[in-house]
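Worksheet for the structure shown next.
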Amino acid sequence: MQKLIGVKYTSSTTASPNIPTEGLLIAGFLPGSGWNGTSITFQWSPAAGGTFYDVKETDGSAVTYTVAASKLTRVDPSGWAFASTGWIKIISGTTEDTASEITVLLRSS
């Protein structure tokens, strides 16, 4: 199974709205043409209204990807197995506005 979830920023902020992973693995990110940032990091929560935690590598550094408007960034889904249940937020390195959106590509394992 594959799924695309479009996420639209609703105000000037760096953090996206909560995104459900719906039991699927993250496989990529596609920022829209109005995207401002060049890097993204992440937060994860087991519940939509719960506490969100920064997603870190095993060395303690932030999980980060370089992105660009209208360019697909591929992600190794196996690295996101922990997040297949729960919710994520995408944190842009630059303030996004209501013209900013990003599509999250999800797939089953």
Side-chain angles (χ1 to χ4, degrees):
M1 177 178 169
Q2 298 177 357
K3 184 167 187 162
L4 303 175
I5 296 180
V7 180
K8 187 156 179 65
Y9 281 64
T10 56
S11 63
S12 292
T13 184
T14 58
S16 75
N18 300 349
I19 305 164
T21 58
E22 300 182 11
L24 300 170
L25 303 175
I26 296 169
F29 300 98
L30 178 60
S33 61
W35 190 260
N36 298 309
T38 59
S39 67
I40 52 177
T41 58
F42 308 91
Q43 294 181 330
W44 173 85
S45 177
T51 301
F52 277 78
Y53 303 94
D54 293 335
V55 178
K56 303 286 187 173
E57 298 286 1
T58 56
D59 67 1
S61 63
V63 171
T64 185
Y65 293 101
T66 300
V67 297
S70 302
K71 304 288 184 195
L72 176 65
T73 299
R74 180 194 66 82
V75 173
D76 178 0
S78 67
W80 285 90
F82 76 92
S84 63
T85 56
W87 300 73
I88 64 165
K89 287 184 182 183
I90 299 171
I91 312 301
S92 176
T94 303
T95 299
E96 301 297 338
D97 55 36
T98 57
S100 300
E101 56 187 307
I102 188 167
T103 299
V104 181
L105 291 78
L106 300 157
R107 71 174 192 91
S108 55
S109 58

Exercise. Is the backbone of G86 close enough, under 3.5 Å, to the side chain of T21 for a donor and an acceptor to pair up by distance?
Worked result: yes
Problem set entry | Non-hydrogen atoms of V67 and W35 that approach each other most closely | CG2-NE1, 3.6 Å
Exercise. Would you say V63 and V75 are hydrophobically clustered, going by side-chain heavy atoms of ILVMFWY under 4.5 Å?
Worked result: yes
For this session: Find out if a path of hydrophobic residues (ILVMFWY) with successive side-chain heavy-atom gaps under 4.5 Å connects L4 to L72.
Result: yes
Seminar exercise, completed: For S100 and G34 the tightest heavy-atom approach is OG-O, 3.5 Å
Exercise. Which residue pairs satisfy the side-chain hydrogen bond (donor to acceptor under 3.5 Å, both in side chains) criterion with at least one member in residues 56-67, sequence neighbours excluded?
Worked result: D59-S61, Y65-W80
Problem set entry | Minimal non-hydrogen separation, G32 against A69, with atom names | O-CB, 3.3 Å
For this session: Measure from the side-chain N and O atoms of W87 to the backbone N and O of Q43, and report whether any donor-acceptor pair falls under 3.5 Å.
Result: no
Exercise. Taking K71 for the side chain and P31 for the main chain, is one N or O donor matched with an acceptor at less than 3.5 Å?
Worked result: no
Seminar exercise, completed: In Y53, F29, F52, the residue satisfying ring-ring contact (aromatic ring centres under 6.0 Å, His included) with F42 is F29
Exercise. Donor-acceptor pair, S33 side chain versus S70 backbone, under 3.5 Å?
Worked result: no
Exercise. If two hydrophobic side chains count as joined below 4.5 Å and joins carry through other members, does V104 share a cluster with I91?
Worked result: no
Exercise. Are L105 and I19 in one and the same hydrophobic cluster, where Ile, Leu, Val, Met, Phe, Trp and Tyr link if side-chain heavy atoms are under 4.5 Å apart?
Worked result: no
Exercise. Under 3.5 Å, is there a donor-acceptor pair between the side chain of T103 and the main chain of G6?
Worked result: no
For this session: Output yes when a side-chain donor or acceptor of E96 lies under 3.5 Å from a complementary backbone atom of N36, and no otherwise.
Result: yes
Exercise. If you group Ile, Leu, Val, Met, Phe, Trp and Tyr by side-chain heavy-atom gaps below 4.5 Å, do I26 and I102 land in one group?
Worked result: yes
For this session: Output the distance between atom NZ (K89) and atom CD1 (I40), rounded to the nearest 0.5 Å.
Result: 15.5 Å
For this session: Mind checking the OG-CG spacing from S108 to L25? Nearest 0.5 Å is all I need.
Result: 7.5 Å
Seminar exercise, completed: Here the side-chain hydrogen bond (donor to acceptor under 3.5 Å, both in side chains) pairs for residues 11-20, sequence neighbours left out, are none
Seminar exercise, completed: One should read off an interatomic distance between I88 CD1 and I5 CD1, to the nearest 0.5 angstrom, of 8.0 Å
Exercise. Tell me, do E22 and L106 make a side-chain contact under 4.5 Å, heavy atoms counted?
Worked result: no
Exercise. Which heavy atom in T51 sits nearest to a heavy atom in P46, and how many Å separate them?
Worked result: O-CD, 4.2 Å
